[in-house]
Q: 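Handing you a structure now.
Numbered from 1 within each chain, the chains take letters A, B, ... in sequence-line order.
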Amino acid sequence: MSGGVTLEQKAVSAKRGKRLSPMVYLLIAVGALAVLSLVRVLSGATDLTSSGTVQAALIAAVPIAMAALAGLWAERAGVINIGLEGMMVLGTFGAGYAGYQWGPWAGVAFGLVLGVVGGLLHAVATVTFGVDHIISGVAINLLAPGAALFLSKLYFADAPGGGQKQSPRIADAEKITIPGASDLLGTVEAKRWFFVSDLAGVLRGLTTEVSLLTVLAVALLVLTAWVLWRTPFGLRLRSCGEAPTAAESLGVNVYRYKYLAVVASGAFAGLGGAFLAVSSGQFRDGQTGGRGFIGLAAMIFGNWRPGGLATGATLFGYTDAMALRGSGAVHALLLLLGIALLVVAVIQYRAGHHVLSGVAAAIGVLFAWWYFTSDEVPPELVGAAPYVVTLLVLGLASQRLRVPRAIGVPYQRGQGV
Amino acid sequence: MSTESAAGGDPAPAVELSGITKRFPGVVANSDVDITVRAGTVHALVGENGAGKSTLMKILYGMQRPDDGTIAVAGEPVSFASPADAIRAGIGMVHQHFMLADNLTVLENVVLGSEPRAGVRLDFAAARARVREISDAYGLGVEPDRLVDDLGVGERQRVEILKVLYRGARTLILDEPTAVLVPQEVDELFGNLRDLKAEGLTILFISHKLDEVLAVADDITVMRRGTTVASVSPREVTARKLAELMVGSALPVPELRESTVTDRPVLAASGLTVTSADGRKVLDDVSFTIHAGEVLGIAGVEGNGQAELVEALMGIRVPSAGSVHLAGADITRLSTKRRREAGMGYIPEDRHRQGVLLEASLWENRVLGHQTRKPNARGPLLDRRGAKADTQRIVEQYDVRTPGIDVHAAALSGGNQQKLIVGREMSGNPVVLIAAHPTRGVDVGAQAAIWEHIRRARAERLAVLLISADLDELIGMSDTLAVILRGRLVADHDPSTVTPEQLGSAMTGAGRES
Amino acid sequence: MGRFSVRSVLLGLVAPVGALVFAALVCALILALTGNPPLDTVDAMATAAQRPRTLVNSLNSATQYYLAAVAVAIGFKMKLFNIGVDGQYRLAAMLSAALAGAAFMDGVPPFLRVAMTIVAAMLVGAAWSGLAALLKVTRGVSEVISTIMLNAIATYLVSYLLNPARLAENVPGSNNIGTRPITEGGQVPGIDYPGSTSKIFGLVFLAVLVGVVYWFVLSRTRFGFELKATGLSESAAVASGVSVQKMVVWSMLLSGAVAGLVGMPQLLGSSHSYSLDFPPGLGFIGIAVALLGRNHPVGMAVAALLWGFLDNAANALDVSGVPREIVLIMQGVIVLSVVVAYELVRRYRVRAEQRDVGRALGRTKTLEEVSA
């Protein structure tokens, strides 16, 4: 997807995956929950589907989803944004700065504004000056943490409760619980019935103590999908990522849309950083911990689509939450991963990709074997899960991915044929 | 769509360009161009490659701004800052290279930039109805909800025309619209154009295919070296006269002298088959033999397997069946590098893609493709001095117009880049030359020079495979002619007796297959 | 022709110098706005520059930065983005430190021991980057994404291995954890510098050697030519008989091998063990240095020295009350502005050259017309 060497991708020939209907999605979700439930029963790791895990997963997923949305906005307009990580850092600082003084929502707003600044920088470099997108992103990732730390020393060192590398405490955003539902589901969840209790656990996690930030994130996800796919604005923006010269020839101001997209990307990344800072109660140096990159991974996992990236972010948030819950639960994930890979192997085999299928099956068996011959996963390795999963998706299922065609290609007005 | 008649009196010209001048660094693309296009006519703009037609049309469509001169549309002076302005003034353009986003639907491609709205939403229902309506009105047969990726060339062109009509254009610019079409599709297109004209629309038709121009145009303007040199009526000129106007003198004639064909086979393909990624046979059981001193010409409509043939011969593409022999040795499994070392020269069809490194110096471009051989290399090391000296030789012998061998290839004109490529591929005593469209996009002077170099090499017993879209070039420069259709060699012709018309019908499969 | 070369030298310098000046101005502005007199900062840094210790440390940092930059530049030359130098050198340093410090290595002759350590590091680095190459040539996965992922995985892998239960032990007298220290026979002695207690890394010569080899391979060998040709136009390279797949694999492996060297000067020269406080992020500094130095062996050396100096002069800033992070901001601004500047210069150069060619040919034409 970069402007670099592009080997002829085997993906080109393969049929594009058809859009799945909502019914099929529902079936897949039910199936996944059933497998999860089965693994829970087999392994006895109740944390797999407990409401606590779901709650923690949601909190972890929100910043990742925002980063992924940020990536989506930029890349759909043809601009690669690996500066997400840096823009998120700016967002965490902004939230810390405004958050401890004027409350969480001021923090969110200020984080967004600083994200916009980062996005603007990336837009100036890549759109106006035609700098390679990767290089500009790397530069922003170098610049932003330095700037955040500089400002942190300046403003937080002497603030009450702050330090050189952290802000004073920020109040958390309001949380909502659907009364009644939560208690009822809790009772069912405690029964440990196959599937039913798991479903109850998931639903309870989704209805108890849900931060307004999470609600806002979901709303933004839906809004993004609507804007990009249902409005003239969205069509124009996407056309800049697919065929900018065609858009130009129809009078679309490609520069403007690319600018707007990259600035929106910065805004979402800033929001992601702000959510992270607010939900963890303060700004800390190094707080993002690569979540910008995980967001990018979630976007790729989700095939540059809002629904897909939400799935990816949830999945990665879930592994995050599992890691916090201790290694017993994570251990069960090995089996889950093994099963998923075997499913991929079957799908690839039926599509005629025998070598690929073999590789997927071998890795899948390896994970299953790891599961059956060990009692726990070393906690240090759990965090690597999102990255490993992304590499597996890219390596084993990349023919189903559809990258915006003109991504990473520098655009200059009037240079088209 | 209202149909104001062109017959009623003498309406203002649809488009009037006067004194247009456009300079780029190092070149003047247009100087003092004057064109008047009558409303309700098909107006052809002809000129050889590099004459400035495309730049002029980009100016008229607002993609470039002129340095000087004025544009008037329907009598009103206008100034276009972007295509949006041109569209508003009723001008639409069908580009030679289609401007379509493959991953969007036909509908999305058509409405892009002027979408019907319902509130802030895109009104897909209204858009779909409108597209269907236009498609039916002009018999374009375009299905709005298909993905452009799935469409063929002819369909894509009709989508392009629909895009323009959707925007209510009264004047359509068609840039080399027939270059990608087979003759039947050309006839269909001309039918469409006549329909549009009957509706009172004005069409500006850019081409260098003179027979087509004479067949469809009401007026003809000729451009040469960036300026307009003549405005003529098709009834008053012949193709020959038009050609002379285009180049300012008699066109150079491609022709060979006495036969130099020997009976020593040099390059032989047998049963060569190439399968595309989706399983189609794009090259199907192709066999031929080229002897020393022979030029084998391959005629065919573009996209019938020529590119695959060339790439299979050069080892860039792996054939699924068949073999290639060079001077008796089987080279089917050899890499491109080994084939080149064995004496295969290659003039690629798209020189910017395969022929030169635009951002490298001329001497580095001399090394390209010959990086393992003298005078460019000694063992694993590069011989910079040797390469530079030899580049100097090529520049002089092949008349490459350049201030020096350290400038980047991008700074040279297309013709000079091509002469450098020809010089490079002729050095190192090649035994075979694969020449794909060797004179495409070059000026007349370079064209004559390149022909002369091929003739000279043939006299020195070089075997040449010549692929070209220019039938005169093929007939004039070949000792033997074959026609390729849907990946197969379907007919052999004797270039001394065949006419372009016979060749043309064989290319489309209309002729009797022999 | 002389005109071309004088101008190209000037054009080559205008971008980095302009970026430096611009970055300095931006930082001065930031300092002034935040109530720190810019001149005091310059003064503090200038004073620091005169201390022999700063010079030695700058050179030592530059050694590492230079190696990282070369690793990045090998990929850059063929438009391959090895963002993964960071993970590659950390994994390589960690594993080779464990090897070099292992008890059974104590009996191995010193030279062989050092050589084994360095070779092991190169192999680990190459293996890690090789994964990205494998994904690229077999599955067309962008190396940008895969190396970002591999960086993160390397981080977790290192923290897993750096555990007393596995390849590490507790460092006595602290809560640091590190590999078993390399005994004297496996170390590379430093070079004394008058007036400074810290020594110049002995492996500074390794960096010089790597630079010379890099220059030679790129500009004097067929391999270097094919590498550059692939970077300039993949399709033209293929038509010219270059196997792009092979080039991707080779350049990724070489880049990874050089990345493996990045941690060596520090490991064998001063820390003698890979511990939690081993310097992170050198891979990204390498990208910055390669960009500033335009992948040129000498340019990158100058850039690495500048970077090393800025980093070490920053220590002096804390003393004078200016947050040292102003240096990070300065470095970030330099990178961003230098790439913009290079792009502007490139566009200008293309236009100027076309104009020159047009003018030169115009003249030839008139001459012909005169003689005709």
Q: Given that the side chain runs from C-beta out, which part of C:Arg349 has a heavy atom under 4.5 Å from chain B: side chain, backbone, both or neither?
A: neither

Q: Among B:Glu359, B:Arg378, B:His352, B:His370, who wins on heavy-atom pairs under 4.5 Å with chain C?
A: B:Glu359

Q: So which residues of residues 335-343 of chain B are in contact with chain C at a heavy-atom cut-off of under 4.5 Å?
A: B:Thr336, B:Lys337, B:Arg340

Q: Using a 4.5 Å cut-off on heavy atoms from C-beta on, say whether the side chain of B:Leu368 contacts that of C:Ser240.
A: yes

Q: Below 4.5 Å from any heavy atom of chain B, which atoms of C:Ser243 appear? Answer side chain, backbone, both or neither.
A: neither

Q: Quick check: do B:Thr372 and C:Phe225 have side-chain heavy atoms less than 4.5 Å from each other?
A: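 Counting from C-beta outward, B:Thr372 and C:Phe225 never come under 4.5 Å.
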
Q: Please name all residues satisfying ring pair (Phe, Tyr, Trp, His ring centres under 6.0 Å) with C:Phe223, sequence neighbours left out, ordered by chain then number.
A: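 So C:Phe223 forms no ring pair (Phe, Tyr, Trp, His ring centres under 6.0 Å) with any residue.
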
Q: Going from CG on B:Leu382 to OG1 on C:Thr221, what distance comes out if it is rounded to the nearest 0.5 angstrom?
A: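 B:Leu382 CG to C:Thr221 OG1: 7.5 Å, rounded to 0.5 Å.
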
Q: Could you tell me which non-hydrogen atom of C:Ala239 sits nearest to which non-hydrogen atom of B:Gln354, and how far apart they are?
A: CB-O, 3.7 Å

Q: Against chain C, label B:Val367 side chain, backbone, both or neither, depending on which of its atoms sit under 4.5 Å from a heavy atom there.
A: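 When you check distances to chain C, atoms from both the backbone and side chain of B:Val367 fall under 4.5 Å.
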
Q: What residue, out of C:Gly224, C:Gly241, C:Ala237, has the most heavy-atom pairs lying under 4.5 Å from chain B?
A: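 Winner by heavy-atom pair count: C:Gly241.
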
Q: Can you tell which of B:Glu364, B:Met314, B:Glu311, B:Arg351 has the highest number of heavy-atom pairs within less than 4.5 Å of chain C?
A: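 Heavy-atom pair counts peak at B:Glu364.
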
Q: How far apart are the closest heavy atoms of C:Ala236 and B:Leu357, and which atoms are they?
A: CB-CD2, 4.0 Å

Q: I'd like to know if the side chain of C:Arg222 reaches the main chain of B:Asn376, judged simply by a donor and an acceptor atom lying under 3.5 Å from each other, with no hydrogens or angles considered.
A: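 Pair absent, no side-chain N/O of C:Arg222 close to backbone of B:Asn376.
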
